[in-house]
Amino acid sequence: MQFYMNEELETSEYVFSRGKLLVWKEADYEEKVKKGGKKSEVETTAINKKLKEIGVDQPIEHDKNGAPIIHDKFYAEVSISHYGGWYAVLLSEVNCGVDIQPFKNSLLKGRNYFVNDSEELSLELTNTNLHLIWSAKETFYKFLNGNIEDLKNEVSIMEILMEDRIVKATYRSKNYELYFDVNELFVLVYIL
């Protein structure tokens, strides 16, 4: 799967055997926020509107730690990511996680916050790879429903396979594969 999106495109929808991934940009997001809309309310409204468009009638709720909950006849799990008007919503029959991360320069400066010693030594820390490491760890955190104490050190990115669009990670001696796409605007990482 590959995402070729720009700000003028509508929602991209990708269907898997166990779920569905929606990716879109809300064109008037900045305008809504400038007019005084709270970011969280603007984002919640956009997500619930998009879900209603695809037939999910129940709004997203949140559990005590903030993780989204969905009550739908087709999907038992949901993972949501949003940043600056970009949205990714992964609906699934099984536990899942998704993260969308537009490219920004601050990740290079803050890499000590999320890149561990093993990754420093074994991975080429290009701008794209730093965004993939960040996004993969955020995705994995959501996949574990936030039940992880030290994301930086407990989850290690072992390999980034650009051609296959796979990030290989390890957590508690178990290996995981996360899938990704990169375009000129953002990286998108998901697991299900």
Side-chain angles (χ1 to χ4, degrees), residues 1 3 14 16 18-24 39-40 43-44 46-47 51 60-70 75-104 106-123 125-161 165-182 185-192:
M1 164 176 36
F3 297 85
Y14 300 90
F16 310 98
R18 298 180 293 172
K20 181 184 294 190
L21 176 60
L22 307 169
V23 179
W24 76 97
K39 287 182 180 184
S40 61
E43 293 161 348
T44 299
I47 291 165
L51 290 175
I60 296 293
E61 296 176 6
H62 295 88
D63 71 12
K64 62 184 176 192
N65 73 354
I69 300 169
I70 190 167
Y75 305 108
E77 302 290 334
V78 62
S79 183
I80 298 171
S81 180
H82 46 79
Y83 185 90
W86 282 102
Y87 298 87
V89 177
L90 181 56
L91 303 161
S92 178
E93 299 169 3
V94 296
N95 197 27
C96 61
V98 68
D99 189 65
I100 189 167
Q101 180 60 61
F103 283 103
K104 58 184 184 178
S106 60
L107 277 183
L108 180 61
K109 295 176 197 166
R111 79 184 205 195
N112 291 336
Y113 175 72
F114 63 95
V115 176
N116 64 38
D117 292 341
S118 170
E119 295 156 346
E120 280 281 350
L121 295 173
S122 65
L123 299 174
L125 298 178
T126 64
N127 189 44
T128 298
N129 283 355
L130 285 170
H131 280 76
L132 286 169
I133 293 167
W134 171 267
S135 206
K137 288 188 177 191
E138 286 289 309
T139 297
F140 201 78
Y141 182 82
K142 294 172 184 180
F143 178 70
L144 294 177
N145 297 312
N147 296 320
I148 186 166
E149 290 182 31
D150 184 1
L151 186 60
K152 173 183 174 178
N153 293 305
E154 288 185 67
V155 176
S156 283
I157 305 305
M158 306 306 291
E159 195 171 6
I160 298 172
L161 304 172
R165 293 187 176 92
I166 293 174
V167 173
K168 292 188 175 189
T170 185
Y171 172 69
R172 295 188 177 173
S173 301
K174 188 172 177 187
N175 296 324
Y176 296 86
E177 288 187 351
L178 296 90
Y179 305 95
F180 72 85
D181 197 24
V182 176
L185 300 171
F186 59 79
V187 301
L188 177 78
V189 180
Y190 63 93
I191 186 172
L192 51 95

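Values in this document were obtained by computation on a predicted structure and should not be read as measured data.
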Under 3.5 Å: donor-acceptor pair, side chain of [X], backbone of [Y]:
X: Ser92; Y: Val94; value: yes
X: Ser81; Y: Ile100; value: yes
X: Asn145; Y: Asn147; value: no
X: Lys168; Y: Asn175; value: no

Problem - Test side chain to side chain contact (heavy atoms under 4.5 Å, CB included) applied to Leu51 and Leu22, step by step - result: CA-CA 9 Å; Leu51 290 175; Leu22 307 169; 4.3 Å; yes

Problem - Distance flag, aromatic centroids of Tyr190 and Phe16, threshold under 6.0 Å - result: yes

Handout entry: Results of side chain to side chain contact (heavy atoms under 4.5 Å, CB included) for Leu125 - residues two or more places apart only
Key = Arg111, Val115, Glu120, Leu123, Leu130, Ile133

Can you tell if the side chain of [X] reaches within under 4.5 Å of the side chain of [Y], non-hydrogen atoms only?
X: Trp24; Y: Val89; result: yes
X: Ile160; Y: Thr128; result: no
X: Phe186; Y: Tyr83; result: no
X: Val23; Y: Val98; result: no
X: Val182; Y: Phe180; result: yes
X: Tyr75; Y: Lys20; result: yes
X: His82; Y: Tyr87; result: yes

Shortest non-hydrogen contact from [X] toward [Y]:
X: Lys137; Y: Asn116; result: NZ-ND2, 3.8 Å
X: His131; Y: Phe103; result: NE2-CA, 3.4 Å
X: Asn127; Y: Lys104; result: OD1-O, 4.2 Å
X: Ile60; Y: Pro68; result: CG2-CB, 3.7 Å
X: Lys142; Y: Ser79; result: CD-OG, 3.6 Å
X: Asn153; Y: Ser156; result: O-OG, 4.3 Å

Exercise for the section: Please assess Asp99 against Ser135 for the test side chain to side chain donor-acceptor pair (under 3.5 Å), listing each intermediate value before the final yes or no. Expected result: CA-CA 6 Å; Asp99 189 65; Ser135 206; 2.6 Å; yes

Exercise for the section: Indicate the ring-plane relationship of Trp134 and Tyr113, choosing parallel, tilted or perpendicular according to the 30° and 60° boundaries. Expected result: tilted

Handout entry: Parallel, tilted or perpendicular: ring planes of Tyr176 versus Phe143, cut at 30 and 60 degrees
Key = perpendicular

Enter the distance from [X]:[atom1] to [Y]:[atom2] here, rounded to the nearest 0.5 Å.
X: Ile157; Y: Thr170; atom1: CD1; atom2: OG1; value: 9.5 Å
X: Gln101; Y: Leu107; atom1: CD; atom2: CG; value: 5.5 Å
X: Asp181; Y: Tyr14; atom1: CG; atom2: OH; value: 7.5 Å
X: Leu132; Y: Leu161; atom1: CG; atom2: CG; value: 11.0 Å
X: Leu144; Y: Ile191; atom1: CG; atom2: CD1; value: 8.0 Å

Handout entry: Flag if over 12 foreign heavy atoms under 6.0 Å of CG, Asp63
Key = yes

Problem - Residues forming a ring-ring contact (aromatic ring centres under 6.0 Å, His included) with Tyr141, sequence neighbours excluded - result: none

Fill in the blank from the handout: By side chain to side chain donor-acceptor pair (under 3.5 Å), Glu154 pairs with (sequence neighbours left out) none

